[in-house]
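Some notes on the structure that comes next.
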Amino acid sequence: MLCEAARMRIATWNVNSVTARLPRLLAWLDSARPDVLCLQELKCTDDAFPTEQVRELGYEVASHGTGRWNGVAILSKAGLDDVVRDLPGQPAYDGAIEPRAIGATCGGVRLWSVYVPNGREPGHAHYDYKLDWLAALNDTVAADTAADPSRPLAVLGDFNIAPTDDDVWDIALFTESTHITEPERKALAALRDTGLADVVPRPLKYDHPYTYWDYRQLAFPKNNGMRIDLVYGDAAVAGAVSDAYVDREERKGKSPSDHAPVVVDLDR
DNA sequence: ATGCCCTATGATATAGGA
C-alpha cells in the first residue's frame with residue numbers, strides 16, 4: 001500500500017547532462033509536477049548538481065555522480081529516506097564502481113533510479129559487464145523485497161534494453177547490436193520473475209511508446225525510436241497504475257535530451 | 001514544423017552514447 005499519498009506521480013528521465021538540461025528540467029518539473037523523478041546520465045559531480053534550484057521547486061535531492069559519465073539521482077516531494085548509493089554487489093568496470101544506481105524510499109515506496117551499462121557490442125567486455133550488472137540489480141530487488149515484502153517497490157531508469165522487437169523502429173537493423181539480444185532480454189525476464197512487471201506507457205503520438213531517439217539522421221521526426229527507458233514495478237505498484245505515458249514533447253525544440261521522460265501515475 | 005549529433009574534458013581531439 002502507498003502510505004503517505006493516495007495519488008503519486010513518479011517519473012524517469014535520462015537527461016544526458018543535468019547541467020546542459022537544467023532550464024528544461026526546471027520547466028518540466030514545474031509543469032509535469034512529478035512527486036518523484038529518477039534521473040540518469042547526470043554527467044556531473046555531486047558538488048556540481050543544481051541542488052538549490054531543484055529545492056526551490058520543492059524537491060529533496062539525492063544524487064550520485066562523479067563527473068564526466070554516468071550519474072543518477074532521485075528528486076522527491078514525497079520524502080527521501082534510506083538512500084543507498086550503488087547496488088549491493090555491483091560489479092566494477094575497468095576497476096571502477098560507476099555511479100549507475102541510487103535507491104530511496106519515497107512516500108512509502110522503495111524506488112531505484114538505474115542507468116544500466118550500454119554493452120557497446122555483443123562479446124565486448126562491456127557487454128558481459130552489462131549482464132553482470134543486471135544480475136546485481138536482480139539480487140538487489142530480491143533483497144529489498146525480502147527485507148520488507150509489504151513495501152511497494154519499483155525500478156525506474158535507462159535499462160538500455162528494448163524488451164520486445166516492437167520496441168525498436170526496425171528490428172532488421174539490430175542483428176549485430178546490443179539492446180535486443182536474448183541474454184539481455186532474459187535479464188529482464190529474471191527481473192519479472194522476482195515479481196516485477198513492465199509498466200508499459202502509452203505514446204502521446206504514433207503507435208509505439210518509444211523513449212529514445214538518436215540525435216542524428218532526423219530520427220525523431222521520422223520516429224526512428226526505441227523503448228529502453230523502463231518502469232518495472234511490483235504488484236502493489238503495477239496494480240496502482242492509473243496512467244502511464246511518454247512525454248515526447250520533451251524531445252522537441254531547443255537543446256533536448258535524446259531521451260524523453262516516462263511518467264507513471266499511481267492511484268490506490 | 002518534431003528538422004539532418006551531443007556532452008564534458010589536463011580540450012585544438014577524444015570517448016562514449018545505443
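Computed from a predicted model, the values in this text were never measured in an experiment. Within every chain, numbering begins at 1; the chains are lettered A, B, ... in the order of the sequence lines, protein sequences first and strands thereafter.
A gap of 25 Å separates the C1' atoms of dA8(B) and dG3(B), to the nearest Å. Remark: the separation of the C1' atoms in dA11(B) and dC6(B) is 15 Å, to the nearest Å. Atom P of dC4(B) sits at a distance of 30 Å from the matching atom of dG10(B), rounded to the whole Å. Between the P atoms of dT7(B) and dA18(B), the separation comes to 14 Å (whole Å).
The aromatic rings of Phe174(A) and Trp169(A) sit perpendicular to each other, their planes meeting at more than 60°, with 30° as the lower class boundary.
Between the side chains of Arg248(A) and Tyr210(A), no donor-acceptor pair is found at a separation under 3.5 Å. Counted by atom type alone, Lys130(A) and Asn118(A) present zero donor-acceptor pairs between their side chains at under 3.5 Å.
Arg251(A) places its CZ atom 10 Å from the P atom of dC4(B), with the value rounded to the nearest Å. Look at CH2 on Trp213(A): it is 17 Å from C1' on dC4(B), rounded to the nearest Å. Rounded to whole Å, atom C1' of dC4(B) lies 12 Å from atom CG of Asn224(A).
At distances below 3.5 Å, not a single donor-acceptor pair connects side-chain atoms of Arg85(A) with backbone N or O atoms of Gly65(A). Under the 3.5 Å distance criterion, the side-chain polar atoms of Arg21(A) are matched with a main-chain donor or acceptor of Val15(A). A donor-acceptor pair under 3.5 Å is absent between the side-chain atoms of Asp82(A) and the main chain of Thr105(A), judged by distance alone.
Counting heavy atoms from C-beta outward, Val72(A) and Trp112(A) have side chains that stay 4.5 Å or more apart.
Summarising the geometry, atom CG belonging to Leu137(A) is positioned 12.5 Å from atom CZ belonging to Arg100(A); distances are rounded to the nearest 0.5 Å.
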Could you run through nucleotides 9-18 of chain B and give me one letter per nucleotide, 5' to 3': B if any protein heavy atom sits under 4.0 Å from the base, S if only the sugar-phosphate is that close, - if neither? B----BBSSB
Base-pairing string, 5' to 3', of DNA chain B - Watson-Crick or wobble, under 3.5 Å, | interstrand: ....(((((...))))).
